[in-house]
Amino acid sequence: AIYSFRQLDLFIKELIIHGEIGYPTHLKIDTGMRRLGFEVSDITKIAEIIQAQPEIHVQSVYSHLSDAENRRDRRFTELQIQRFQQATLSLQKLINYDFERHLLNSEGICNFPNAQFEMVRIGIGMYGITSNPNFQKRLIPALTWMSSISQIKPIKKGDSVGYSRSTIID
């Protein structure tokens with residue numbers, strides 16, 4: 001996934017070196033998570049680069065929701081959905097071809113079904129984790145964590161446990 005202009009530039013240079021044309025590329029847009037991703041305001045610049053570089057073909061555009069599990073206050077997630085929809089529609093219009101769009105994580109799938117676009121990403125729901133009790137009933141974890149206790153030690157008040165002494169017994 002390409003999420004910055006520096007990364008896009010380096011990627012295009014590699015594609016040129018290898019003689020690639022129309023390489024399927026996935027772009028990440030930051031709609032409010034504030035981690036990785038192009039800014040929504042960069043859509044025109046992104047489109048200009050893509051139009052000028054035949055090495056790149058946008059396969060998909062995606063973003064991440066930061067508060068999709070919040071069923072009491074849906075406003076921020078709805079704002080992210082709106083930003084994503086506007087950004088992807090603008091990009092499609094500017095580059096003049098369609099691509100797949102995906103925004104929803106596990107909580108988004110059950111709480112915002114109107115924003116499924118062409119794809120969804122199950123995310124942590126794959127491990128059977130959700131805050132939605134109705135969704136929980138339908139999940140079957142793809143993984144089970146198992147362990148066995150290898151040692152039990154008595155410790156005293158004031159002893160530290162773990163890396164960086166992360167726990168001090170009181």
Side-chain angles (χ1 to χ4, degrees), residues 1-15 17-18 23-42 46 58-85 87-88 99-170:
I2 305 296
Y3 54 82
S4 71
F5 287 109
R6 180 180 180 280
Q7 187 187 35
L8 180 59
D9 182 57
L10 292 170
F11 188 60
I12 290 170
K13 287 177 180 172
E14 282 297 313
L15 292 174
I17 289 169
H18 294 285
Y23 195 87
T25 305
H26 305 271
L27 303 177
K28 182 170 187 178
I29 305 292
D30 185 349
T31 58
M33 184 81 146
R34 307 313 296 154
R35 290 190 314 192
L36 300 175
F38 290 101
E39 297 297 320
V40 171
S41 60
D42 291 330
I46 295 166
V58 178
Q59 179 73 32
S60 79
V61 176
Y62 75 103
S63 188
H64 274 87
L65 297 176
S66 60
D67 199 27
E69 69 280 356
N70 186 347
R71 292 186 303 277
R72 289 184 314 271
D73 186 353
R74 300 166 55 94
R75 290 176 292 179
F76 192 75
T77 301
E78 288 168 353
L79 177 62
Q80 282 192 274
I81 293 166
Q82 179 185 36
R83 287 175 179 164
F84 182 73
Q85 190 160 22
T88 56
F99 45 80
E100 293 176 331
R101 299 167 296 163
H102 45 110
L103 176 64
L104 298 185
N105 54 10
S106 298
E107 297 299 315
I109 292 168
C110 63
N111 295 328
F112 298 90
N114 61 320
Q116 291 188 6
F117 299 102
E118 291 76 32
M119 294 172 48
V120 296
R121 301 182 309 271
I122 186 69
I124 200 165
M126 180 171 37
Y127 304 108
I129 299 170
T130 180
S131 66
N132 185 309
N134 294 325
F135 199 40
Q136 178 71 52
K137 295 173 190 173
R138 298 172 30 200
L139 293 179
I140 300 171
L143 173 70
T144 301
W145 293 99
M146 299 178 73
S147 181
S148 52
I149 298 170
S150 56
Q151 184 178 27
I152 297 176
K153 286 181 145 183
I155 55 177
K156 297 179 288 216
K157 183 177 181 175
D159 283 351
S160 61
V161 178
Y163 289 112
S164 302
R165 302 184 68 221
S166 61
T167 301
I168 307 289
I169 306 305
D170 53 0

With distance as the sole test, does Gln59 use its side chain to make a donor-acceptor pair with the main-chain N or O of Phe99 at under 3.5 Å?
-> no
Side chains of Asp30 and Phe38 in contact at under 4.5 Å (non-hydrogen atoms) | no
Can you tell if the side chain of Val161 reaches within under 4.5 Å of the side chain of Ile169, non-hydrogen atoms only?
-> yes
Using a 4.5 Å cut-off on heavy atoms from C-beta on, say whether the side chain of Arg121 contacts that of His64.
-> yes
Nearest heavy-atom contact between Asn105 and Gly108 is OD1-N, 2.8 Å
Between Arg71 and Pro133, what is the shortest heavy-atom contact and its length?
-> NH2-CD, 3.8 Å
Residue of the set His102, Glu118, Glu100 for which side chain to side chain donor-acceptor pair (under 3.5 Å) holds with Ser60 = His102
What distance do Arg75 atom CZ and Asn70 atom CG have between them, rounded to the nearest 0.5 Å?
-> 9.5 Å
Would a 4.5 Å heavy-atom cut-off, applied to side chains only, mark His18 and Glu14 as touching?
-> yes
Please answer whether the main-chain N or O of Arg74 pairs with a side-chain N or O of Thr77 as donor and acceptor at a distance below 3.5 Å.
-> no
Work out which heavy atom in Ser66 is nearest to a heavy atom in Gly32; give both atom names and the distance.
-> OG-O, 4.2 Å
For atom CZ of Phe135, decide whether the heavy atoms of other residues, nucleotides or ligands shown that lie under 6.0 angstrom number more than 12.
-> yes
From Ile81 atom CD1 to Thr31 atom OG1, the distance as rounded to the nearest 0.5 Å = 9.0 Å
Tyr127 atom OH, over 12 foreign heavy atoms within 6.0 Å | no
Using the side-chain contact (heavy atoms from CB on, under 4.5 Å) rule, pick out the option among Asn111, Ile124, Ile109, Leu139 that qualifies with Thr130.
-> Leu139
CD1 of Ile2 to CD1 of Ile12: how many Å apart, nearest 0.5 Å?
-> 8.5 Å
Any chance the side chains of Ser131 and Glu107 put a donor and an acceptor closer than 3.5 Å?
-> yes
Spacing of CD belonging to Gln7 relative to NZ belonging to Lys28, to within rounding of 0.5 Å | 11.0 Å
Distance in Å, Leu104 CG paired with Phe84 CZ, rounded so as to fall on 0.5 Å steps | 9.0 Å
Pairing residues for Phe112 by the ring pair (Phe, Tyr, Trp, His ring centres under 6.0 Å) criterion, not counting sequence neighbours = none
Shortest non-hydrogen contact from Cys110 to Asn132?
-> SG-ND2, 3.6 Å
Under 3.5 Å donor-acceptor, Asp73 side chain and Phe76 backbone = no
With a 4.5 Å heavy-atom cut-off, do Thr25 and Val58 have their side chains touching?
-> no
Are Ile29 and Tyr62 close enough that some pair of their side-chain heavy atoms sits under 4.5 Å apart?
-> no
Gap separating the CG atom of Leu8 from the CG atom of Leu27, nearest 0.5 angstrom | 7.0 Å
Is Glu39 salt-bridged to Arg83, cutoff N-O under 4.0 Å?
-> no
